[in-house]
Protein chains: 2
Amino acid sequence: MDERARHLLKSLIEQHIANGVPVGSRQLARDAGLNISPATVRNVMADLEDEGYLISPHTSAGRIPTHVGYRFFVDALLRVVPLSAESNRLLVHRIGFRAPDTEQVLHAATGILSELTHMAGFVRVPRRATRILRHVDFIALHEREVLAIFVTDKGDVENRLIRTEHPFGTAELAQAANFFNATYGGRPLQDVIHNLQRDLQQSRHEMDRILRSAMELGEEMLEEDQQRMLIEGEFQWLDLPELAGSERLRELLAAVRQKRDLVHLLDESMRGSEVRLFIGEESGYAPLSDCSVVSAPYSVDGEVVGVLGVIGPMRMPYQQIIPLVDGTAQLLGRALSQS
Amino acid sequence: MDERARHLLKSLIEQHIANGVPVGSRQLARDAGLNISPATVRNVMADLEDEGYLISPHTSAGRIPTHVGYRFFVDALLRVVPLSAESNRLLVHRIGFRAPDTEQVLHAATGILSELTHMAGFVRVPRRATRILRHVDFIALHEREVLAIFVTDKGDVENRLIRTEHPFGTAELAQAANFFNATYGGRPLQDVIHNLQRDLQQSRHEMDRILRSAMELGEEMLEEDQQRMLIEGEFQWLDLPELAGSERLRELLAAVRQKRDLVHLLDESMRGSEVRLFIGEESGYAPLSDCSVVSAPYSVDGEVVGVLGVIGPMRMPYQQIIPLVDGTAQLLGRALSQS
DNA sequence: TACTAGCACTCATGATGGTTGAGTGCCAAG
DNA sequence: CTTGGCACTCAACCATCATGAGTGCTAGTA
């Protein structure tokens with residue numbers, strides 16, 4: 001592909017992103033800034049179509065980029081623009097400092113992504129596998145109900161109601177908690193569960209039921225975030241002419257609710273440390289075949305623990321979306337790290 | 001309105017609920033089971049229209065009920081059917097027993113409401129104003145970060161990160177927590193905050209900052225649920241021909257996200273203890289003017305603490321929705337009460 | 001008096017067909 | 001290699017028309 005073809009492709013995709021309609025040879029010839037006739041442009045376009053970068057919806061429409069075209073565009077032609085001062089200010093304002101509650105920051109990040117991009121924003125909740133158990137509490141709620149509370153070093157708090165066969169006194173529970181804290185406190189959650197599992201094999205104490213339940217709580221904390229993911233702004237898809245009205249939208253919404261495959265896809269993209277794009281069919285996930293996903297992993301205290309990003313139509317202003325997602329990931333990571 | 005008119009109105013509304021299209025005189029004359037001609041039916045329909053129960057979208061269409069018509073229908077003509085065994089089984093299975101986590105039960109209830117009705121289901125989170133403070137913990141996360149944890153008698157757990165000027169040791173924090181528990185434990189959250197506010201006026205201790213933050217956490221617990229409400233299944237509205245495509249849907253979605261006015265409306269409906277219906281404009285809330293809300297308050301340990309229900313088109317099968325919402329409220333209340 | 005049949009009228013819906021204009025592919029000349 | 005020209009395609013738009021469901025009104029009937 002020669003320089004001129006690249007220039008035309010770039011111009012065509014930019015125009016299509018801006019207007020959403022197929023781009024014809026005349027308009028492209030005019031706006032590309034090269035002094036060539038529409039006929040010449042048509043020849044180039046025909047070549048680009050042969051090579052799979054473009055496609056025309058029907059004979060007498062202009063052409064639109066394929067996912068291959070978009071891929072070439074973002075890899076070779078795109079120049080990202082720095083985050084606008086306005087957006088940056090907003091980002092910092094909303095997630096720029098450590099909040100009193102993790103959940104709140106995650107929500108804020110999801111919301112701001114969706115707002116600034118006018119697409120659906122998502123945040124994968126931080127992995128807790130490497131979290132350290134800071135504190136455990138067992139609290140008697142009623143006769144035979146004990147509330148177990150786990151606290152990690154990052155300030156995550158999870159709790160669970162445990163029903164017991166026999167009533168436990170406050171002192172008894174405090175003792176159990178003390179034992180638990182002394183034995184397992186300050187160790188990674190994974191280790192705690194592992195050791196607990198082993199230790200419980202041996203003894204067969206009355207208190208075991210509580211400890212066993214506590215272990216299950218710990219397991220749930222690790223398992224839960226296998227699935228959890230915040231997503232917001234799906235309704236913005238209603239505005240998109242390329243999605244709205246069709247059955248595709250329904251599928252997409254259902255798929256997003258289902259989450260399972262989506263989470264899978266995102267976990268893949270947690271491997272690197274850079275912004276990653278899945279354009280159209282690249283995701284290998286049918287409901288997303290008309291969409292692009294822009295994602296970026298975020299790190300807490302130097303370790304990648306999650307991923308966030310946006311889901312929108314293939315036709316999105318990548319040069320702005322990419323730095324935005326990137327910036328959000330940075331800020332979220334910082335907000336969740338200890339100051 | 002005589003008996004025949006009532007019968008025709010009932011029949012018309014039932015047909016319209018079933019098919020969603022305006023009902024004409026011929027079809028109504030046939031299906032109503034009375035041996036009268038379409039012409040007679042037309043006369044009756046004209047009367048009903050004059051009285052405001054019906055309206056015709058245009059001259060040569062049939063007629064559809066107005067919100068006044070629906071109101072009369074549900075008040076005077078409707079006979080609710082008992083919950084189907086199938087639905088009941090599902091309900092009990094999903095929310096029929098006390099779950100280890102309040103949040104989970106609330107989510108389950110929202111989800112099942114949406115699934116069974118094919119409309120949007122909502123659950124207002126339980127009020128905590130009358131909750132009793134069971135336990136408080138202050139945990140040192142890092143040098144100058146303390147995590148405060150509140151536990152109520154219903155097993156609600158809330159936490160908050162507090163940044164302090166000076167580092168606190170574990171012992172010091174334990175002492176503060178002990179003091180806190182001894183002084184305020186076992187008292188209603190409202191009292192705790194009130195007293196704390198007073199007590200803090202006097203002393204000016206180093207530890208105050210933590211106590212003050214703890215108080216703020218308590219206040220947040222009370223305030224937070226002023227706003228919180230779970231809602232699920234809005235996307236089901238996309239299937240409804242009467243809503244889909246129009247600008248109304250967008251407004252509705254935006255309004256539901258906004259929540260504020262909605263929450264207001266629902267808090268109204270918490271006064272009674274019965275299922276309540278807001279049909280069309282009755283809600284006095286413009287975005288809902290094409291919708292009906294069926295709500296029922298739910299009680300924990302004999303006290304009304306929240307409300308749940310569904311939001312859908314005016315054209316909904318009330319005779320099934322009402323018992324379903326009612327049943328869900330009962331079950332949720334029981335699931336959240338102590339066994 | 002209450003019901004019904006008949007009739008003229010309305011109006012959304014859907015099919016038909018013609019026009020327009022944007023856009024293409026191809027070819028031959030520069 | 002580029003360009004102007006030309007025939008061709010096709011979605012989109014618009015006007016027209018037929019259809020049929022449904023209405024209101026009136027006059028006749030039980």
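Basis for what follows: all heavy atoms, side chains included, without hydrogens, waters or symmetry-related copies. Naming: A, B, ... by sequence-line order, numbering from 1 per chain.
- Nearest-nucleotide positions on DNA chain D place B/S60 closer to the 5' end than the other of B/A46 and B/S60.
- No more than 12 heavy atoms of other residues, nucleotides or ligands lie within 6.0 Å of CZ in B/R26, so this atom counts as exposed by the packing criterion.
- Chain B approaches DNA chain C over the interval C/dC3 to C/dA12, counting the first and last nucleotide 5' to 3' with an atom under 4.0 Å from its heavy atoms.
- Atom C1' of nucleotide D/dT3 and atom CE of A/M45 are separated by 17 Å, given to the nearest angstrom.
- Proximity of B/R26 to the phosphate of D/dG20: no side-chain N or O atom is located under 4.0 Å from OP1 or OP2.
- The distance from the CD atom of B/Q320 to the CD1 atom of B/I17 is 9.5 Å, given to the nearest 0.5 Å.
- At a threshold of 4.0 Å, the pair A/E282-A/R276 does not count as salt-bridged, since none of the basic side-chain nitrogens sits closer than that to a carboxylate oxygen.
- Between the side chain of A/S56 and the backbone N or O of A/G62 there is no donor-acceptor pair closer than 3.5 Å.
- Residue A/D2 is out of contact with every strand shown, counting any heavy-atom pair closer than 4.0 Å.
- If you run side chain to side chain contact (heavy atoms under 4.5 Å, CB included) between A/R63 and each of A/R42, A/E49, A/H16, only A/E49 comes through.
- In terms of position on DNA chain C, the residue among B/R42 and B/T59 whose nearest nucleotide sits closer to the 5' end is B/R42.
- With rounding to whole Å, B/H58 atom NE2 is found 9 Å from D/dA21 atom C1'.
- A/A61 comes within 4.0 angstrom of sugar-phosphate atoms only, judged by non-hydrogen atoms across all strands, and of no base.
- Checked by atom type and distance alone, the side chain of A/T110 never pairs as donor or acceptor with a backbone atom of A/F122 at under 3.5 Å.
- B/N43 places its CG atom 9 Å from the C1' atom of D/dG24, with the value rounded to the nearest Å.
- Atom CG in B/L48 sits about 15 Å away from atom C1' in D/dT23, given to the nearest Å.
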